[in-house]
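By convention in this document, chain letters (A, B, ...) are assigned in the order of the sequence lines, proteins followed by strands, and residues within each chain are numbered from 1.
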Number of protein chains: 2
Amino acid sequence: MDQKKICPRFEKALKILNHSWNTLLIYQLLEGSQRYSTIKNQVGISSRVLTERLKELEIENIVKRTVIPSTPVVIEYELTEKGHALAPILKAIEQWSSMWVNIEE
Amino acid sequence: MDQKKICPRFEKALKILNHSWNTLLIYQLLEGSQRYSTIKNQVGISSRVLTERLKELEIENIVKRTVIPSTPVVIEYELTEKGHALAPILKAIEQWSSMWVNIEE
DNA sequence: TTTTTGTACTTACATTTCGTAACTTAGTTT
DNA sequence: AAACTAAGTTACGAAATGTAAGTACAAAAA
């Protein structure tokens, strides 16, 4: 009868984390600051979506974007403190997957 | 140059968890066994997608589906052991969101 | 001086996924 | 017989996603 009484903060967290690629991008950036092209190659995401997601994560203050005025210009992306605070979630997923996920078809 | 060396188990875990609604459904089922219509109303998901996701989670052995031969027939869904093992991930997300997510626009 | 190269995006377009609302099935009560 | 209930299905338009080609800018190469 009544509906969702789920905490809005929690819902927003899920909205961010469940948006496709975001968790993988954060996982990748836990390795440290990285350039756009490095992320793209490592994660195997298209540039269209990568740009979109990095912008989203930047707006959410999870990722910081830095322009390095070299030639040609290079952009570095890194996790903010808020972004680094996601590490325990990723660790928990890692642990669960190593315990419960099998991959033979 | 080289590409993703990400653990395939981890990748599969992300694939399941990031699929929209799945995390929220698991969170809801952590409350205990529930009927189809209850889940639908509590989570606010459409029946088309709900059916799709529950089937997916059942195939992944995260959710168990039980037919109760009442009239009309009722279906109960509950987490398996593998499903319950996801609780620490959800807790970590809860903790992060309470710490870092703010919601005023 | 013109052409090519590298980096970080954009754009156009086809494919896939999603949300909405109406419909189905089967036994039961009215 | 008509209406009701629970758990889905189906049809279809809207939104998100992937793919591939294009853009801007400066400098190095030809």
For this session: Would you classify A:Ser37 as touching base, sugar-phosphate or nothing, given that sugar-phosphate means primed atoms plus P, OP1 and OP2, and contacts are heavy atoms under 4.0 Å?
Result: sugar-phosphate
Exercise. Is B:Lys15 paired with B:Glu11 through a side-chain N to carboxylate O contact shorter than 4.0 Å?
Worked result: no
Exercise. Stepwise, does the side chain to side chain donor-acceptor pair (under 3.5 Å) test hold for B:Tyr36 with B:Thr51?
Worked result: CA-CA 9 Å; B:Tyr36 182 89; B:Thr51 305; 2.9 Å; yes
Exercise. Hey, does the side chain of B:Lys55 come within less than 4.0 Å of D:dA7's phosphate (OP1/OP2), counting only N and O?
Worked result: no
Problem set entry | Note: A:Arg9-B:Glu94 ion pair, threshold 4.0 Å (strictly below) | no
Seminar exercise, completed: Judged by nearest nucleotide, the residue sitting upstream toward the 5' end of DNA chain D, A:Pro72 or B:Thr51, is B:Thr51
For this session: Write down the distance between CG (A:Asn22) and P (D:dT17), rounded to a whole number of angstrom.
Result: 9 Å
Exercise. A:His19 side chain N/O closer than 4.0 Å to the phosphate oxygens (OP1, OP2) of D:dA16?
Worked result: no
Seminar exercise, completed: To the nearest angstrom, the NZ-P distance between B:Lys40 and D:dT5 comes to 15 Å
Problem set entry | Nearest-neighbour nucleotide for the A:Val49 side chain, C:dT10, D:dT9, D:dG18 considered | D:dG18
For this session: Give the intermediate values and the outcome of side chain to side chain donor-acceptor pair (under 3.5 Å) for residues B:Thr80 and B:Asn61.
Result: CA-CA 7 Å; B:Thr80 62; B:Asn61 197 31; 4.6 Å; no
Exercise. In whole Å, what is the span from the CG atom of A:Leu50 to the C1' atom of C:dT7?
Worked result: 13 Å
Exercise. Checking only heavy atoms, does the side chain of A:Ser47 share a donor-acceptor pair with the base of C:dT10 at less than 3.5 Å?
Worked result: yes
Exercise. Of the nucleotides C:dT10, C:dT20, D:dG8, which has the atom closest to the B:Ser46 side chain?
Worked result: C:dT20
For this session: State which of C:dA8, D:dA7, D:dA26 makes the closest approach to the side chain of B:Arg35.
Result: D:dA7
Problem set entry | B:Gln95, CD atom: more than 12 neighbouring heavy atoms under 6.0 Å | no
For this session: Choose from D:dG8, C:dC18, C:dC9 the nucleotide whose nearest atom is closest to any side-chain atom of B:Tyr77.
Result: D:dG8
For this session: Using whole Å, report how far CG of A:Asn41 lies from C1' of C:dT7.
Result: 12 Å
Exercise. Hey, are A:Arg65 and A:Glu78 close enough for a salt bridge, meaning a charged N less than 4.0 Å from a carboxylate O?
Worked result: no
For this session: Grab the NZ-C1' distance between A:Lys15 and C:dC18 for me, whole Å please.
Result: 15 Å
For this session: Pick base, sugar-phosphate or nothing for B:Thr71, based on heavy-atom distances below 4.0 Å to the nucleic acid.
Result: sugar-phosphate
For this session: Would you tell me if any nitrogen or oxygen in the side chain of B:Trp21 comes within less than 4.0 Å of OP1 or OP2 on C:dG19?
Result: yes
For this session: Look at all strands and tell whether B:Ser20 reaches a base, only sugar-phosphate, or nothing, counting heavy atoms closer than 4.0 Å.
Result: sugar-phosphate
Exercise. Within less than 4.0 Å of OP1 or OP2 of C:dG19, is there a side-chain N or O belonging to B:Arg53?
Worked result: no
Seminar exercise, completed: Between CD1 of A:Ile68 and C1' of C:dA8 the distance, given in whole Å, is 13 Å
Exercise. Side chain of B:Arg48: nearest nucleotide among D:dG8, D:dT17, C:dG19?
Worked result: C:dG19
For this session: Starting from C1' on D:dA7, measure out to CD1 on B:Ile39 and report it in whole angstrom.
Result: 11 Å
Exercise. What's the CD-P distance between B:Glu56 and C:dT17, to the nearest Å?
Worked result: 11 Å
